[in-house]
A.B. asks: 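The structure's right below; bear with me while I get my questions together.
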2 protein chains.
Amino acid sequence: MHKEHILTKNQQIIFDLIDKSPEPLKAYSILFNVQKRGIKAPLQVYRALDKLVEIGKIHKIESRNAFIACHNSSCQVAKATAFSICEICEKVTEISSAGLSKYLANFKDKDGMKYSKYNLEFFGLCKKCNTR
Amino acid sequence: MHKEHILTKNQQIIFDLIDKSPEPLKAYSILFNVQKRGIKAPLQVYRALDKLVEIGKIHKIESRNAFIACHNSSCQVAKATAFSICEICEKVTEISSAGLSKYLANFKDKDGMKYSKYNLEFFGLCKKCNTR
DNA sequence: TATATTAATGTTATATTATTACACAGTGTT
DNA sequence: AACACTGTGTAATAATATAACATTAATATA
Ligand SMILES: [Zn+2]
Ligand SMILES: [Zn+2]
Ligand SMILES: [Zn+2]
Ligand SMILES: [Zn+2]
C-alpha cells in the first residue's frame with residue numbers, strides 16, 4: 001500500500017474542488033473558484049497542484065492543461081497513467097486496465113532504455129457522442 | 001501509402017528548422033529563429049505548426065510543449081504516437097514499435113469506447129544519463 | 001475567362017498558462 | 001540557538017497560445 005499524505009490547507013481546498021468536479025479543471029478556473037476561500041494568486045494554485053500531482057492525488061491531462069482527481073485508490077499509478085478523452089464533449093476518464101499497465105510497465109524500446117513513468121492519452125468519441 | 005503534402009513557404013521554413021534540430025523545439029524558439037526569414041508573429045508559427053502536426057510531418061510533445069519532426073516515413077502514425085523522454089537531458093526519441101502500436105491500436109476499455117488516436121510518452125533516463 | 005471557394009498570410013492585440021524572486025512562518029532536528 | 005525543510009503570501013513577469021480582422025494566393029467549377 002501507500003502512505004497517506006496529510007494535505008495542507010491550500011492543498012485540501014484545491015483537491016476538494018478537483019475531486020468533486022465531473023470534469024478536468026484548469027489552473028485559472030481553480031483559482032477563480034477558490035478565491036473566496038482565501039487563495040488569491042496563481043502561484044498558490046500551482047504549488048498545490050504540483051504537490052498533489054507528485055503524491056498521486058491528481059493527474060495532469062497534458063493535452064488539455066487540466067487536472068483530474070485520481071480514483072484508482074489514490075494512486076498507486078501516479079507514474080503510470082492512462083486516460084480516454086472524448087474529442088467532442090471533452091469527457092475524460094482514467095483508464096484502469098491491468099493488462100495495459102502490465103504491457104506498458106514491461107515495454108522496452110530498442111535501446112533497452114527502461115522507463116520509470118509513462119502517460120498515455122487516447123482520443124476518440126465517448127459512447128454518448130458516438131451515437132448522435 | 002500516404003499523400004505527399006506540398007508545404008507552403010512558412011510551413012517549409014518551419015519544418016526545415018524542426019527537421020534539422022536534434023531536439024524538440026518550442027514555438028517561441030522557432031519564432032526567434034525564423035524572424036530573419038520574414039516570419040514575424042507567433043500566429044504565423046502556430047498556424048504552420050498546426051498544419052504540420054495535422055499532416056503528420058511533425059509531432060507535439062505534449063508534456064514539453066515542443067515539436068519534433070517525424071521520422072517514421074512521414075508519418076503514417078500521426079494519430080498513433082509514442083515517445084521516450086529523458087528526464088535529465090530532455091532527449092526525445094520517437095518510438096517505432098510494431099508490437100506497441102498494434103497493442104494500442106487494438107486496445108479497448110471497459111466501455112467499449114473505440115479510439116481514433118493516442119499519444120504515449122515514456123519518461124526515464126536515456127542510456128547516456130543512466131550511466132553516469 | 002470569370003467567379004466562387006478555400007487555404008494561407010500579415011498584423012495587432014489579447015488571452016491563457018506558468019514561473020521567478022523575495023519575505024516570512026511553522027515544524028522538527030541538532 | 002542554529003539549521004534545514006516545507007509551506008505560505010505577494011508582486012511581477014515570462015512563456016504559451018488564440019481572437020479578430022484585413023488581405024492575398026491557390027483551387028475549383030461554371
Ligand atoms: Zn490515477
Ligand atoms: Zn463525448
Ligand atoms: Zn511520427
Ligand atoms: Zn539523457
Side-chain angles (χ1 to χ4, degrees), chain A residues 3-18 21 23-68 85 87 90 92 119 121 123, chain B residues 3-18 21 23-68 78 85 87 90 92 119 121:
Chain A
K3 185 176 176 303
E4 268 312 315
H5 285 269
I6 293 156
L7 302 183
T8 66
K9 181 167 145 282
N10 288 0
Q11 288 161 12
Q12 189 69 57
I13 290 170
I14 286 169
F15 175 72
D16 287 345
L17 183 70
I18 296 172
S21 167
E23 60 203 359
L25 295 179
K26 299 184 149 237
Y28 276 72
S29 135
I30 292 167
L31 175 58
F32 179 79
N33 272 282
V34 297
Q35 273 175 334
K36 50 183 162 307
R37 307 207 51 191
I39 294 173
K40 291 173 187 160
L43 190 48
Q44 294 173 290
V45 173
Y46 280 104
R47 284 197 282 225
L49 290 173
D50 286 351
K51 191 65 183 183
L52 291 167
V53 166
E54 185 194 324
I55 65 182
K57 301 280 287 181
I58 66 174
H59 304 302
K60 182 173 186 181
I61 311 300
E62 291 287 356
S63 66
R64 299 299 186 259
N65 298 319
F67 299 85
I68 192 176
I85 303 171
E87 290 185 297
E90 292 291 327
V92 173
N119 179 57
E121 297 180 3
F123 305 89
Chain B
K3 184 176 177 301
E4 267 311 318
H5 284 270
I6 292 154
L7 301 183
T8 65
K9 181 167 145 282
N10 288 0
Q11 289 162 12
Q12 190 68 59
I13 290 169
I14 286 169
F15 175 72
D16 287 345
L17 183 70
I18 296 172
S21 167
E23 60 202 0
L25 295 179
K26 299 183 149 237
Y28 276 72
S29 136
I30 292 168
L31 175 59
F32 179 80
N33 273 281
V34 297
Q35 273 174 335
K36 49 183 162 310
R37 306 207 51 191
I39 294 173
K40 290 172 189 163
L43 193 47
Q44 294 174 291
V45 173
Y46 280 105
R47 285 197 282 226
L49 290 174
D50 285 351
K51 190 67 184 183
L52 291 168
V53 166
E54 184 194 324
I55 65 182
K57 300 280 288 182
I58 66 173
H59 304 303
K60 181 172 186 181
I61 311 300
E62 291 287 355
S63 66
R64 299 299 187 258
N65 299 319
F67 299 86
I68 191 176
I85 303 171
E87 291 186 296
E90 293 292 326
V92 173
N119 179 57
E121 297 181 4

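No hydrogens, no waters, no symmetry mates; every other heavy atom, side chains included, goes into these values. Per chain, numbering begins at 1; letters A, B, ... match sequence-line order.
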A.B. asks: Expressed as a whole number of angstroms, how long is the span from B/Leu7:CG to D/dA26:C1'?
C.D. replies: 15 Å
A.B. asks: Kindly compute the distance separating CZ (B/Phe15) from CD1 (B/Ile30), expressed to the nearest 0.5 Å.
C.D. replies: 11.5 Å
A.B. asks: Would you kindly give the CD1-to-P distance between A/Ile55 and D/dT6, to the nearest whole Å?
C.D. replies: 14 Å
A.B. asks: Answer yes or no: side-chain N or O of B/Tyr28 and base N or O of D/dA14 forming a donor-acceptor pair under 3.5 Å.
C.D. replies: no
A.B. asks: Nearest-Å distance, CZ (A/Arg47) to C1' (D/dT6)?
C.D. replies: 11 Å
A.B. asks: Between D/dT27 atom P and B/Ile6 atom CD1, what is the distance in whole Å?
C.D. replies: 8 Å
A.B. asks: Does a nitrogen or oxygen in the side chain of A/Thr8 sit under 4.0 Å from OP1 or OP2 of D/dT8?
C.D. replies: yes
A.B. asks: Once you round to the nearest 0.5 Å, how far does CD1 of B/Ile61 lie from CD1 of B/Ile85?
C.D. replies: 5.5 Å
A.B. asks: Take the protein atom CG of B/Asn65 and the nucleotide atom C1' of C/dA18, then report the distance between them rounded to whole Å.
C.D. replies: 10 Å
A.B. asks: Does B/Lys9 place a side-chain N or O at less than 4.0 Å from the phosphate oxygens OP1/OP2 of D/dT24?
C.D. replies: no
A.B. asks: Which residue in the set B/Leu25, B/Leu52, B/Ile14 passes side-chain contact (heavy atoms from CB on, under 4.5 Å) when paired with B/Ile58?
C.D. replies: B/Leu52
A.B. asks: Just to verify, which of B/Glu121, B/Glu23, B/Glu90 counts as forming a side chain to side chain donor-acceptor pair (under 3.5 Å) with B/Arg64?
C.D. replies: B/Glu90
A.B. asks: At a heavy-atom distance below 4.0 Å, what parts of residues 33-44 of chain A sit against DNA chain C?
C.D. replies: A/Leu43
A.B. asks: How long is the span from the CG atom in B/Leu49 to the NE2 atom in B/His59, to the nearest 0.5 Å?
C.D. replies: 13.5 Å
A.B. asks: Rounded to whole Å, how long is the line connecting atom CG of B/Asn10 with atom P of C/dA7?
C.D. replies: 17 Å
A.B. asks: Expressed in angstrom and rounded to an integer, what is the separation of B/Tyr46 atom OH from C/dA7 atom P?
C.D. replies: 23 Å
A.B. asks: With nearest nucleotides of DNA chain C determined for A/Lys60 and B/Gln11 from heavy-atom distances, which residue corresponds to the more 5′ nucleotide?
C.D. replies: B/Gln11
A.B. asks: A/Lys26 side chain N/O closer than 4.0 Å to the phosphate oxygens (OP1, OP2) of C/dT16?
C.D. replies: no
A.B. asks: Could you tell me the separation between the CG atom of A/Asp50 and the P atom of C/dT19, rounded to a whole number of Å?
C.D. replies: 7 Å
A.B. asks: Just name whichever nucleotide pairs with C/dA2, Watson-Crick or G-U, keeping both distances under 3.5 Å, else none.
C.D. replies: D/dT29
A.B. asks: Has A/Gln11 got a side-chain atom pairing as donor or acceptor with A/Thr8's backbone, closer than 3.5 angstrom?
C.D. replies: yes
